[in-house]
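Numbers restart at 1 for each chain; the letters A, B, ... are given by sequence-line order, proteins then strands. We use all heavy atoms of the structure for the numbers below, so side chains are in, but hydrogens, waters and symmetry mates are not.
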Protein chains: 2
Amino acid sequence: MNLQKRSTEELILEAAQAVFLEKGLAGARMQEIADRAGINKALLHYYFRSKEKLSALIIERAIGVILPRVMAVLDTDMELFDKIRLVVDTYLTFVSRNSFLPLFIINEVNRNPQFFFRTVVEKERTHLDKFRRQVEEAVAQGRIHPINPAQLFMNVMSLVIFPFLGKPIIQVGLGLSDEDFKREMEHRRTEVAEFVIRAIRA
Amino acid sequence: MNLQKRSTEELILEAAQAVFLEKGLAGARMQEIADRAGINKALLHYYFRSKEKLSALIIERAIGVILPRVMAVLDTDMELFDKIRLVVDTYLTFVSRNSFLPLFIINEVNRNPQFFFRTVVEKERTHLDKFRRQVEEAVAQGRIHPINPAQLFMNVMSLVIFPFLGKPIIQVGLGLSDEDFKREMEHRRTEVAEFVIRAIRA
DNA sequence: CCTAAATTTAACCAAGTAGTTAAACTTTCT
DNA sequence: AGAAAGTTTAACTACTTGGTTAAATTTAGG
């Protein structure tokens, strides 16, 4: 009971995550989660009493996995341009492997902003202050064009995340196959960072 | 019956749009749409037989409103940098006034890509070829850094749209009030274009 | 005024869904 | 072996939701 303890509970969480990401909170069915986990509905409720509690766990898990990665990078003492390169690379790699995650998070955060607020903000906001000071310093030294750190951060996030949210639009609009899209995202890993750096370098 | 003919049908469509944008397709209730339109469910079904047909209309309407605006700008013979300035300004203005639209469209397009494909692609893709050639020409003339036109287009879309999708995250992460956020978006109207231009200008 | 369309009322159906329950069976630990 | 936890089965509830129906009422046009 201890070697495989991870089994059922983890199985359910994985199944739940998959279903929630694919169908969204409202569209997800407890029955489907049970089916995918290879168990039955009764057991599902036996482990996680309600859909609400289960979904709350999944959301926390999802946000808790992606956010610290970015913050960890922003929090280092790295030189600004290198930091931009690293954060783009880190984020892009992660999102490539979890391409449904951004849409799910964006959705739930929009549906219920306070939840995100409570879960994350207090701990993580401070990290951004460091980045902010770093940018302001670089501006003061004339190393980069004057830019509001908030805007710069928004720009980096936008360039990294959006293509995955708009994947179908982009694929269809630009006529890219799945392979093509993957290749473009591969290019972006270096392109985006250099794009940003050219945009701000004095 | 002719002066006010727009009345009920339009009322329903407006109510439906509002509810769909707020709750998403799965989360929207026919009853709530009826309530907001100030009518009853029976009449709602009397006008639009099913939820599916109604939602299809709303989606077409939403996409049909936002897409042509961008394409129209991309299709002009304007000089590249000016075109970037104009497309950013046009898009940002529109999205500011319809801030729920991007999330809705992104969602439905991800949920059902073929629908978007059938609705839009055939007519609109050609416009992008013009932009593509224009960028390639500018690269060839050495006026701008070498960049894949697809990547450039993705970057512009990302920078314009993403902040509205991630509004709650950004607000919370950067500690912005609604007023602050609005002001930042106002800044972006000029900032984003110049950001992109600096990034590509040779 | 008369008719047809628009609209309401209210009850209803069928399907789906979250969640419960109780009994039986199985596995695991001691 | 025996108890406890894990798991299944299957039926059931309470509720929501999309959609229907039929009759009554209101509105507008010819």
Student: Just how far, in rounded Å, is C1' of D:dG19 from CG of B:Leu54?
Tutor: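 It works out to 13 Å between those atoms.
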Student: Please state how far atom CE in B:Met30 lies from atom P in C:dC13, giving the value in whole angstrom units.
Tutor: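 Value for this atom pair: 21 Å.
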Student: So, B:Glu194 and B:Arg198, do they make that salt bridge, N to O below 4.0 Å?
Tutor: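 Looking at B:Arg198 together with B:Glu194, the answer is no, because their closest N to O distance does not fall below 4.0 Å.
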Student: Assign B:Ala26 to base, sugar-phosphate, or nothing according to its heavy-atom contacts below 4.0 angstrom with the strands shown.
Tutor: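 Answer is nothing: B:Ala26 stays at 4.0 Å or more from every strand.
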Student: Side-chain N or O of B:Thr8 less than 4.0 angstrom from OP1 or OP2 on C:dT7?
Tutor: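 So the side-chain polar atoms of B:Thr8 do come within 4.0 Å of the phosphate oxygens OP1 or OP2 of C:dT7, strictly under.
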Student: Does a distance-only test, which skips hydrogens and angles, find a donor-acceptor pair under 3.5 Å between the side chain of B:Lys41 and the base of D:dG19?
Tutor: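 It does, because a donor-acceptor pair links the side chain of B:Lys41 to the base of D:dG19 below 3.5 Å.
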Student: Using the side-chain heavy atoms of B:Ile39, tell me which of these nucleotides is nearest: C:dA18, D:dG19, C:dT8.
Tutor: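 Selected nucleotide: C:dT8.
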Student: Do B:Arg132 and B:Asn148 have side-chain atoms, one donor and one acceptor, less than 3.5 Å apart?
Tutor: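 B:Arg132 vs B:Asn148: no donor-acceptor pair found between side chains.
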Student: Which of these nucleotides, D:dG18, D:dG6, D:dT8, is closest to any side-chain atom of A:Ala42?
Tutor: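 Out of D:dG18, D:dG6, D:dT8, the nucleotide with an atom closest to A:Ala42's side chain is D:dT8.
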Student: Could you state the atom-to-atom distance from CD1 of A:Ile12 to P of D:dT7 in whole Å?
Tutor: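 Atom-to-atom, A:Ile12 to D:dT7, this comes out as 8 Å.
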Student: Taking atom C1' of D:dG19 as reference, at what distance in whole Å does atom NZ of B:Lys53 sit?
Tutor: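 Value for this atom pair: 12 Å.
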Student: Whole angstrom is fine here: how far is it from OH in B:Tyr47 over to P in D:dG18?
Tutor: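 Roughly 20 Å, once rounded to whole Å.
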Student: Rounded to whole angstroms, how far apart are CD on B:Gln31 and P on C:dT9?
Tutor: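 My rounded result for the distance is 12 Å.
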Student: Check this one for me: any side-chain N or O of B:Asn40 less than 4.0 Å away from OP1 or OP2 of C:dT7?
Tutor: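 No, no such contact exists.
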Student: Take atom CG of B:Leu43 and atom P of D:dT27, then tell me their distance rounded to the nearest Å.
Tutor: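 After rounding, the gap between these two atoms is 14 Å.
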Student: How many Å lie between NE2 on A:His45 and P on D:dT9, as a whole number?
Tutor: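 Taking NE2 of A:His45 and P of D:dT9, I get 17 Å after rounding.
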Student: Exactly one of B:Thr8, B:Ile58, B:Ile33 should register a side-chain contact (heavy atoms from CB on, under 4.5 Å) with B:Leu13. Which one does?
Tutor: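 Only one of B:Thr8, B:Ile58, B:Ile33 forms a side-chain contact (heavy atoms from CB on, under 4.5 Å) with B:Leu13, namely B:Ile58.
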Student: Could you give me the CA-CA distance, side-chain angles and deciding distance for A:Lys23 and A:Arg29, then say whether side chain to side chain contact (heavy atoms under 4.5 Å, CB included) is met?
Tutor: CA-CA 9 Å; A:Lys23 308 291 173 71; A:Arg29 302 289 153 229; over 6 Å; no
Student: For A:Arg29 and C:dA18, is the shortest distance between a side-chain N/O and OP1 or OP2 below 4.0 Å?
Tutor: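 It does, given that an N or O in the side chain of A:Arg29 lies less than 4.0 Å from OP1 or OP2 of C:dA18.
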Student: Strictly below 4.0 Å: does A:Tyr46 bring a side-chain N or O up to OP1 or OP2 of D:dT7?
Tutor: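 No, because none of the side-chain N or O atoms of A:Tyr46 sits under 4.0 Å from OP1 or OP2 of D:dT7.
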Student: Has B:Arg49 got a side-chain N or O lying under 4.0 Å from the OP1 or OP2 atom of D:dG19?
Tutor: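 Result: no.
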Student: Indicate, with a heavy-atom threshold strictly under 4.0 Å, whether B:Ala34 touches base, sugar-phosphate, or nothing.
Tutor: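 If one applies the 4.0 Å heavy-atom cut-off, B:Ala34 turns out to touch nothing in the nucleic acid.
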Student: Applying salt bridge (charged side-chain N to carboxylate O under 4.0 Å, His left out) to A:Arg111 and B:Glu22, what does each step give before you reach the verdict?
Tutor: CA-CA 8 Å; A:Arg111 211 71 82 202; B:Glu22 280 174 37; over 6 Å; no
